[in-house]
Amino acid sequence: MEALLRHLKNILELLAVSQTDGAREWDHHTVQRAFQWAEYCEQLHSRFQSNPTVRSALESGLNDTNQRLQETLPSYSPVMFSDLAQCQHKLLVHLLRNPYAPNSVIHMLCPDPKIAAQEFQIDQSSFITCRSAFNLLCCTLDRNTHAGLQVEVEVRGKLLGKLLNSLLTRSGNDEYARTVLDSILRDSAGKMESLYDIIAAALLSSNDEKNAVTQNFILAWLRDHDGCLSKLCKTLSPGVCTVLSRQSPEFKQAYWGVLKQWASCLEYDVLESVWVPTSDASVTFNVLADRFKDLLNSGPPLKEDTDTELKALKLESGDFNVKGINIWTDLIIQLKL
């Protein structure tokens with residue numbers, strides 16, 4: 001155990017140095033050894049995450065070393081036990097962001113992704129994601145992705161999705177994954193729009209069957225936090241919500257639930273002949289119509305699903321064809337269905 005704790009202390013010191021001007025002394029051999037130690041760190045996490053006794057001792061050692069390094073380096077960010085699963089990832093990002101890292105090291109980290117992944121034994125998709133983060137730091141941040149999100153937001157969301165996916169592929173880490181999202185929510189107080197954009201980017205980054213677990217986990221976390229799912233949908237543009245609905249059946253159902261909730265908070269003002277919100281959590285009739293319009297313009301099969309759902313809701317509500325009686329009738333008239 002003493003040897004494990006000593007190795008863990010050395011790894012945390014290595015991660016700390018990778019963020020300082022001390023990295024200017026690193027060469028090819030040093031970087032290779034650093035990634036070997038980072039890989040060893042990930043093996044520690046995989047081997048002992050389900051061993052309460054050893055894990056507790058390692059967490060205690062982490063706390064002691066974190067405290068010492070914070071006293072020495074005020075900008076140092078503590079490393080939690082769950083972070084050990086992404087140690088190579090953290091090391092790579094630290095070096096790419098460090099202005100003191102020698103150019104030779106940066107060029108060594110950013111050649112052809114396949115060669116780099118083999119040389120440093122890094123998961124190729126993780127490397128490409130980090131390489132994108134590096135490219136981001138070298139260019140302007142005002143460009144948008146295909147979904148209308150900023151490049152910076154997309155990269156941060158992909159990194160978050162990758163971290164959650166790594167945690168959730170190992171049993172027993174659900175609580176740690178929730179802690180990651182809770183900490184992001186807590187740190188985003190007053191900047192919720194940015195948080196929701198990053199979460200949307202994380203959902204967009206999970207685009208295959210393997211990552212569906214991560215996607216569903218994020219949606220469940222949003223539902224567990226009162227109002228978060230509705231606020232997410234309200235903050236995101238109709239286009240982003242449509243892209244997510246097309247990609248994920250689970251998000252589509254969640255989004256439909258939010259749209260129905262917003263519709264239920266509208267009531268008809270007979271004197272003004274308009275639908276008006278009855279709560280601050282709702283949206284206007286025109287905003288709601290724009291959301292449905294975007295879904296209908298998305299092409300098959302989402303267009304057909306939306307058309308069918310709207311007509312079914314109209315039928316369930318009495319199938320009236322007179323304006324002002326039923327919101328679903330008025331939406332269908334507005335959308336010219």
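In this text, all values refer to a predicted model and were calculated from it rather than measured experimentally.
By the rule that hydrophobic residues join a cluster once side-chain heavy atoms approach within less than 4.5 Å of another member, Leu266 and Phe320 end up as members of separate clusters. Under a hydrophobic-cluster definition in which Ile, Leu, Val, Met, Phe, Trp and Tyr are linked whenever side-chain heavy atoms come within less than 4.5 Å, directly or via other members, Val287 and Ile327 are assigned to the same cluster. Transitive grouping of hydrophobic side chains (ILVMFWY, heavy atoms separated by less than 4.5 Å) brings Leu15 and Tyr40 into a common cluster. Residues Val180 and Leu195 share a hydrophobic cluster, clusters being chains of Ile/Leu/Val/Met/Phe/Trp/Tyr side chains in contact below 4.5 Å. Leu310 and Ile325 fall into different hydrophobic clusters, defined by Ile, Leu, Val, Met, Phe, Trp and Tyr side-chain heavy atoms under 4.5 Å apart, directly or through other members.
Closest non-hydrogen pair, Ala200 versus Leu244, comes out as O-CD2, 4.1 Å. Minimum interatomic distance between Leu84 and Glu42 (heavy atoms only, all atoms of both residues): O-CG, 3.2 Å. Closest of all the heavy-atom pairs between Gln334 and Ala289 is CG-CB, 4.0 Å. Across all non-hydrogen atoms, the minimal contact from Gly239 to Asp294 is CA-OD1, 3.7 Å. Thr214 and Gly161 get closest at one heavy-atom pair: CG2-O, 4.0 Å. For the residue pair Leu8 and Leu58, the shortest heavy atom distance occurs at CD2-O, 3.6 Å.
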(message) Run Lys260 and Glu309 through salt bridge (charged side-chain N to carboxylate O under 4.0 Å, His left out) and show every step you take.
(response) CA-CA 11 Å; Lys260 292 175 184 177; Glu309 184 72 17; 3.1 Å; yes
(request) Dump the intermediate steps for side-chain contact (heavy atoms from CB on, under 4.5 Å) on Val270 and Tyr268, then the final yes or no. (result) CA-CA 6 Å; Val270 178; Tyr268 195 72; 4.2 Å; yes
(request) Show the numbers, then the answer: is there a side-chain contact (heavy atoms from CB on, under 4.5 Å) between Leu12 and Tyr76? (result) CA-CA 10 Å; Leu12 263 63; Tyr76 172 78; 3.7 Å; yes
(request) In sequence, state the C-alpha distance, the side-chain angles, and the governing distance for Gln49 and Leu44, and then conclude on side-chain contact (heavy atoms from CB on, under 4.5 Å). (result) CA-CA 8 Å; Gln49 63 171 323; Leu44 283 182; over 6 Å; no
(message) Walk me through whether Glu13 and Asn10 qualify under side-chain contact (heavy atoms from CB on, under 4.5 Å).
(response) CA-CA 5 Å; Glu13 291 176 349; Asn10 292 337; 3.9 Å; yes
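In the model, Asp330 has a side-chain atom that pairs as donor or acceptor with a side-chain atom of Trp275 under 3.5 Å. Using a 3.5 Å distance cut-off with no hydrogens or angles, the side chains of Ser18 and Trp26 do not pair a donor with an acceptor. If you check the side chains of Asp83 and His45, you find no donor sitting under 3.5 Å from an acceptor. If you check the side chains of Glu267 and Thr278, you find no donor sitting under 3.5 Å from an acceptor. Between the side chains of Gln215 and Glu250, no donor-acceptor pair is found at a separation under 3.5 Å.
Of the options Ser230, Ser282, Ser279, a side-chain hydrogen bond (donor to acceptor under 3.5 Å, both in side chains) to Trp262 is made by Ser230 and by none of the others.
Dense packing is recorded around CZ of Phe48, with more than 12 heavy atoms of other residues, nucleotides or ligands lying under 6.0 Å away. Residue Lys234 places its NZ atom among more than 12 non-hydrogen atoms of other residues, nucleotides or ligands, all under 6.0 Å distant. Environment of CD in Gln67: sparse, with no more than 12 heavy atoms of neighbouring residues, nucleotides or ligands closer than 6.0 Å.
Here the side chains of Gln70 and Pro78 are in contact, with some heavy-atom distance below 4.5 Å. Using a 4.5 Å heavy-atom cutoff, the side chains of Thr20 and Val17 are in contact. Within the 4.5 Å cutoff, the side chain of Lys323 has no heavy atoms near those of the Thr329 side chain. In this structure, Ser245 and Leu302 have side chains that are in contact, with non-hydrogen atoms separated by less than 4.5 Å. Residues Ser82 and Asn173 form no side-chain contact, since every pair of their non-hydrogen atoms from C-beta on lies 4.5 Å or further apart. Lys90 places none of its side-chain heavy atoms less than 4.5 Å from the side chain of Val93. In this structure the side chain of Val276 never reaches within 4.5 angstrom of the side chain of Phe285, judged on heavy atoms. At least one side-chain heavy atom of Tyr196 sits less than 4.5 Å from a side-chain heavy atom of Cys228.
A salt bridge is defined here as a Lys NZ or Arg NE, NH1 or NH2 lying under 4.0 Å from an Asp or Glu carboxylate O, and Asp307 with Lys303 fails to meet this definition.
Taking CD of Glu304 as the start and CG of Leu296 as the end, the distance is 9.5 Å to the nearest 0.5 Å. Rounded to the nearest 0.5 angstrom, Arg68 CZ and Leu73 CG are separated by 9.5 Å. Note that CG of Leu229 and CZ of Arg223 are 6.5 Å apart. Values are rounded to the nearest 0.5 Å. Rounded to the nearest 0.5 angstrom, Leu236 CG and Cys241 SG are separated by 4.5 Å. Rounding to the nearest 0.5 Å places OH of Tyr255 at 10.0 Å from CG of Leu232. Going from atom CG of Leu160 over to atom CG of Leu181 covers 6.0 Å, rounded to the nearest 0.5 Å.
With hydrogens and angles ignored, the 3.5 Å screen pairs a side-chain donor or acceptor of Arg291 with a backbone N or O of Cys233. At distances below 3.5 Å, at least one donor-acceptor pair connects side-chain atoms of Thr169 with backbone N or O atoms of Asn165. Between the side chain of Asn66 and the backbone N or O of Leu62, at least one donor-acceptor pair lies under 3.5 Å. In this structure, Gln247 contributes its side chain and Leu203 its backbone to a donor-acceptor pair below 3.5 Å. Panel note: side chain Ser60, backbone Ser56; no donor-acceptor pair is recorded below 3.5 Å. Proximity of a side-chain donor or acceptor of Ser298 to a complementary backbone N or O of Leu295 within less than 3.5 Å is detected.
For Glu175, the side-chain contact (heavy atoms from CB on, under 4.5 Å) partners at least two apart in sequence or on another chain are Arg178, Thr179.
Here Phe251 and Trp256 keep their ring centres 6.0 angstrom or further from each other.
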